[in-house]
Amino acid sequence: MVFDSFTHASRWLDLTTFGPKKGEADALINQHAKAWFDEQVNLPATSHLKQLDTQFKAQGYGKMPARATRVRAWLDIAFYAPDQLRQRIAYALSQIFVASDQDALLINKTVAMAGYNDLLCKHAFGHYKELLSAVTLSPVMGQYLTMVGNQKGDPATGRRPDENYAREIMQLFSIGLYQRDLDGSYLLDSNGKPVPCYTESDIQELARIFTGWNHTDRDLLTPMKNNRVDHDTGEKQVLGVRFPKNMPAEEELELVMETLLHHPSTAPNFCKNLIQKLTTSNPSPDYVRRVVEVFLDNGEGVTGDLKAVVWAILADEEVYTAPPKTMSKIREPWLSLVAVYRALDVKPGGGVDVVQSDLLYLKTCNQYPLGSPSVFNFYHPDFAPKGVVKDNRLVAPELEIIDWSHIIYLHNYIFGLLRLNLQDLKAPLKKQLYVNVEDFKKHLENNDINGFNQEVSARFFNGAMPDSLKNIIEDNHNGIDIGSGKWVQRLLFIALASPYFHVQENRAT
C-alpha cells in the first residue's frame with residue numbers, strides 16, 4: 001500500500017498514532033505503508049516505568065508516585081515518544097486485557113501499573129499466546145482478578161479454588177461467551193440462540209489449574225511463580241482437553257495457553273475486538289474474516305502473530321474505501337484531547353521537560369489509561385444507544401461513557417486549552433500545556449478564511465473536512481476586530497466541538 005494522497009496518509013496516522021502532527025502526513029505521500037510500519041515495529045519500546053521515575057523526580061515531592069504522576073508519564077509518551085504505533089496498540093490491548101488501579105489493592109501500586117503498561121508494549125507485536133501467558137502471570141493481573149494466592153480446594157473446610165480469572169480469561173481475553181464463525185458472527189443452535197463456548201464445569205476445572213500462583217516481589221513487577229503445596233495436582237478436563245494427574249503447574253499453564261490459542265472462537269473474538277478498538281465499531285464480516293485468517297496463519301504457518309494481525313487490521317483496503325456506516329468509530333474522550341494537543345504541537349510551560357498536567361481526566365474524560373471501573377473496560381463492545389444507531393443495528397461502544405455532563409466538560413476544556421495560545425511559552429506556568437496556533441492566526445490576520453479552513457482540515461480532518469462544517473466556520477467569522485488569537489479560539493472550538501471531529505471515519509472520495 002502506497003500513500004497516494006494527503007488524506008490517505010493522514011487517515012493512516014490518525015489510526016496508527018495518537019494523532020498526526022503537522023508535516024507528518026506530507027512526509028508520507030508516495031511512501032510505502034509497510035516501510036513505515038516496519039520502522040515503527042523495530043523501534044524500542046518507550047518505558048512507562050522509566051518515564052514514571054522521570055516524572056516523579058521532576059515532581060519533587062511525595063514518598064512514592066501517585067496515579068496522576070503515572071498519567072502524566074503516559075502523556076509524555078503519547079505526546080512525544082517516537083514509537084507511536086506500539087504505544088497505540090498497547091493502549092488498545094489495555095482495554096482488552098483489562099487491569100485497573102480503580103481496584104482497592106492496586107490504587108497505590110503506581111509503579112506496578114506502569115510495569116503492566118510496559119508488559120503490553122513489549123508484547124504488542126509478539127505472539128498472542130506469549131501475551132496471554134504474560135498477562136496471566138502478571139502480578140498486577142493476579143491481584144486484580146484474584147488469582148494470586150489461589151489455593152486448591154479443601155473438602156474438609158469447603159474451600160474451593162477462586163474462579164474469577166478462569167472465567168475472565170475465557171470470556172474476555174480469548175474465546176468469548178459464545179462460539180463465533182470466522183467472520184465474527186455468532187453460531188446459533190436449532191432455536192436460534194448463540195452457542196456457549198464453555199460450561200460451568202470448564203470454569204471450575206480451569207480454576208483448579210490456576211491454583212498455587214503467588215507474587216515474587218512486593219512491587220508487583222516480576223511474574224508470579226507456583227507454590228506446589230497450594231496447587232491442585234489432580235486430573236482435570238477443560239474445553240475437552242485432558243490434563244493428566246500430577247502434571248506440573250507450568251506445563252498445565254502452557255497447555256491452557258495452547259488450548260485457548262487454537263480454540264475456533266479465539267481468533268474471531270479477539271480480532272473483532274481489536275478491530276473495534278482501532279478502526280471501526282461495525283466491521284463488515286469480510287473484513288473480520290480477512291483479519292482472522294491472518295491470525296490463524298500469518299503466511300508462514302504461524303498462528304497468533306500479532307504483528308501480522310495489526311498490519312492486516314490497519315492495511316485492509318476497506319479502511320480507506322468503505323463508507324462511514326461500516327468504517328467509523330467514536331473517538332474516546334481521552335484520545336480526543338490527546339489528538340488535539342498533538343495536532344497543535346503541545347509543549348509544557350515554564351521551560352520544563354515533562355508534562356505537569358493530567359488533563360483533569362476524571363472530569364473531562366470519564367476515563368484514563370488503566371483506570372477502567374471494571375474488568376469489562378470503560379464501555380462494552382456491543383453497546384448501541386437508542387435512536388439512529390440501534391435502529392440501524394449498529395453499535396457505538398464509546399458512547400457508553402459519554403453523557404451530556406462530560407460533553408460539556410470536554411468542550412469547556414478544549415475551549416480553555418485554545419486560550420493558552422495567547423500566553424508566553426516561557427511564562428512560569430509549569431502546570432499548563434501550551435499549543436501553537438500561529439499558522440491559524442496568520443490566515444486570519446490576512447482575512448483568509450479559506451486558508452484557515454484548509455489548515456483546520458489538514459490538522460484535524462485528514463484534509464477532508466465536510467463542506468457543511470466549512471460553511472459554519474465561514475458564517476461565524478464576521479470580521480469583527482477582536483484579535484486573531486481570539487478568533488482562532490472561537491473558530492477552532494467550533495471545529496473541535498463538532499461531531500465530525502469526534503467521529504473517526506473514512507471520508508475519502
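As the structure is a prediction and not an experimental result, all values here were calculated from the model.
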Atom pair SG (C271) and CG (D183), whose distance is rounded to the nearest 0.5 Å: 12.5 Å

Neighbour count >12 (heavy atoms, 6.0 Å) for atom NZ, K152: yes

Y186 vs V195 side-chain heavy atoms within contact, under 4.5 Å: no

Side chain to side chain, K329 and Q276, heavy atoms closer than 4.5 Å: no

Criterion side-chain hydrogen bond (donor to acceptor under 3.5 Å, both in side chains) against D53, the qualifying member of Q55, K50, K57: K57

Side-chain heavy atoms of Y198 within contact of V238, under 4.5 Å: no

Charged N-O contact under 4.0 Å between K129 and E258: yes

Beyond-backbone contact of Q102 with I107, side-chain heavy atoms, under 4.5 angstrom: no

W334 and Y361 aromatic ring geometry - parallel, tilted or perpendicular at 30°/60° bounds: perpendicular

From R342 atom CZ to Q84 atom CD, the distance as rounded to the nearest 0.5 Å: 3.5 Å

Spacing of R208 atom CZ and Q237 atom CD [to the nearest 0.5 Å]: 11.0 Å

Point-to-point distance, once rounded to the nearest 0.5 Å, from SG of C197 to CG of D202: 10.0 Å

Interatomic distance, E39 atom CD to L43 atom CG [nearest 0.5 angstrom]: 6.0 Å

Check against side chain to side chain donor-acceptor pair (under 3.5 Å), D353 and Y80: CA-CA 11 Å; D353 295 325; Y80 309 118; over 6 Å; no

Geometric class of the W12/W311 ring pair [parallel <30°, tilted 30-60°, perpendicular >60°]: perpendicular

Side-chain touch Y341/L359, heavy atoms, less than 4.5 angstrom: yes

Flag side-chain contact, heavy atom, 4.5 Å: S281 against L394: no

Plane angle bin for F97 and Y128 - parallel if under 30°, tilted between 30 and 60°, otherwise perpendicular: tilted

Option among Q204, E252, E205 that satisfies the side-chain hydrogen bond (donor to acceptor under 3.5 Å, both in side chains) test with K236: E252

